[in-house]
Protein chains: 2
Amino acid sequence: MKLTSKGRYAVMALADLARFDNVNPVSLRDISLRQGISLDYLEQIFSKLRKKEIVQSVRGTQGGYVLNKKAKEIKLTNIFDAVDEKVKTVQCKKESKKGCHGKSTKCLTHNLWDELENHIKNFFEKKNLEDLVKDNIERRI
Amino acid sequence: MKLTSKGRYAVMALADLARFDNVNPVSLRDISLRQGISLDYLEQIFSKLRKKEIVQSVRGTQGGYVLNKKAKEIKLTNIFDAVDEKVKTVQCKKESKKGCHGKSTKCLTHNLWDELENHIKNFFEKKNLEDLVKDNIERRI
DNA sequence: GTATACTTGACTATTTTAGTCAGGTTTATA
DNA sequence: TATAAACCTGACTAAAATAGTCAAGTATAC
């Protein structure tokens with residue numbers, strides 16, 4: 001089980017953005033340099049974040065991206081959803097042919113994965129961008 | 001983020017095994033049939049489980065595998081460890097060149113991944129095989 | 001008008017996953 | 001003691017996912 005880079009980068013980049021608290025647009029170039037993420041890859045990620053209205057773009061010179069809501073209102077769940085980072089634990093979907101529907105013996109662990117999924121989602125649901133920024137300021141003191 | 005099949009299969013197979021509560025050895029063939037997992041793949045997985053002393057093998061006709069401890073004493077953590085299923089959240093290892101050591105700006109989210117890792121490990125640490133079997137019996141009533 | 005920065009979509013090398021395949025060894029039982 | 005059931009090992013591989021790169025734009029502030 002692992003987190004992919006896309007999700008990690010999205011959170012890292014938004015945390016970077018959040019430090020400016022909606023004042024100035026931040027260019028992807030700056031984020032790329034500070035966080036060590038390829039510019040092209042950032043563009044892919046921000047395209048998704050914009051479509052899900054997590055950020056707003058400001059075009060032209062001195063342009064960049066701004067948060068579309070307050071940092072406190074952006075939950076990590078929202079971020080992961082936007083970049084298609086999913087918590088996949090089991091293939092027993094109702095639609096798919098594979099999986100455990102119908103046969104009782106195949107379901108031994110079905111409940112478990114459901115619980116795990118909720119456990120993780122719960123973590124992301126409780127965390128927001130502001131928490132991240134605060135945590136950083138505190139640790140710097 | 002996802003769980004790989006190897007980890008899922010390991011847990012499914014052991015849950016199957018646990019139902020027999022250390023009495024009769026269970027053949028991989030049977031598990032393969034009941035759980036719909038390829039025999040060859042099961043052998044790979046059980047080879048690891050045996051090395052980590054989670055199961056014992058019984059050779060010969062009527063042979064198979066038996067749990068090496070009581071179901072209650074086998075935590076999911078142990079199982080995932082045995083089959084190398086890892087909770088990887090971040091690459092900021094102390095040894096690697098990549099990562100965030102040295103530069104403060106790169107660490108914006110470091111703490112977060114640590115927390116997440118602990119959150120998930122905690123879940124696996126609290127669950128054991130007996131829980132799984134019990135859960136199944138209860139649901140069958 | 002031009003540099004800066006966003007926007008989009010196609011492409012690709014690498015890695016991981018989820019197995020398969022082949023060729024064993026061991027041992028209970030007939 | 002023959003043999004079949006079952007374990008055991010390691011090498012191999014197709015397919016999918018990942019982590020990007022590359023190319024060719026468009027919009028806008030100055």
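Letters go in sequence order (proteins before strands), and every chain restarts at 1. Everything quoted here is computed from the prediction, not taken from an experiment.
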Next on the checklist: In this structure, how many angstroms lie between the P atom of C:dT8 and the CG atom of A:L28, rounded?
Outcome noted: 13 Å

Checklist entry - Quick one: A:K48 NZ to D:dT18 C1', roughly how many Å, whole number? => result 12 Å

Item to check | Selection from C:dA28, C:dG19, C:dT8 that lies nearest to any side-chain heavy atom of B:S38 | outcome: C:dG19

Checklist entry - Does a side-chain N or O from B:S47 land closer than 4.0 Å to OP1 or OP2 of D:dC8, or not? => result no

Checklist entry - Are side-chain N/O atoms of A:R29 and A:S32 paired as donor and acceptor at under 3.5 Å? => result no

Next on the checklist: For C:dC6, does the base pair up with any side-chain atom of A:E43 as donor and acceptor (N or O, under 3.5 Å, distance only)?
Outcome noted: no

Checklist entry - Do other residues, nucleotides or ligands put more than 12 heavy atoms under 6.0 Å from A:Q62 CD? => result no

Checklist entry - CG of B:L42 versus P of C:dT20: gap in Å, rounded? => result 10 Å

Next on the checklist: Is the phosphate of D:dT18 approached by A:Y41 (side-chain N or O, under 4.0 Å from OP1 or OP2)?
Outcome noted: no

Checklist outcome for this item: B:D40 atom CG is separated from C:dA18 atom P, nearest whole Å, by 16 Å

Item to check | Note, A:F46 side chain near A:I31 side chain (heavy atom, < 4.5 Å) | outcome: yes

Next on the checklist: So, OP1 or OP2 of C:dT7: does either fall under 4.0 Å of a side-chain N or O from A:S57?
Outcome noted: yes

Checklist entry - For C:dT17, does OP1 or OP2 lie under 4.0 Å from any side-chain N or O of B:R8? => result no

Checklist entry - So, are A:K52 and A:D81 salt-bridged, with charged N and O less than 4.0 Å apart? => result no

Checklist outcome for this item: Judged by nearest nucleotide, the residue sitting upstream toward the 5' end of DNA chain D, B:Y65 or B:T61, is B:T61

Item to check | Listed nucleotide nearest any side-chain atom of A:S27, set D:dA23, C:dT29, C:dA5 | outcome: C:dA5

Item to check | Whole-Å distance separating the CG atom of A:L39 from the P atom of C:dA5 | outcome: 10 Å

Checklist outcome for this item: Taken to the nearest whole Å, NZ/B:K6 to P/C:dT16 is 12 Å

Item to check | Residue pair A:R34 / A:V26, side-chain heavy-atom distance below 4.5 Å | outcome: yes

Checklist entry - How many Å lie between CD1 on B:I37 and P on C:dT20, as a whole number? => result 12 Å

Next on the checklist: Whether A:R50 contacts C:dC6 is assessed here as follows: a side-chain N or O lying under 4.0 Å from the phosphate OP1 or OP2. Is that the case?
Outcome noted: no

Item to check | B:R29 side chain, from C-beta outward: closest of D:dA6, C:dC6, D:dT9 | outcome: D:dA6

Checklist entry - Rounding to a whole Å, what distance do you find between A:D30:CG and C:dA5:P? => result 7 Å

Item to check | Distance-only donor-acceptor test (3.5 Å): side chain A:Q44, base C:dT7 | outcome: no

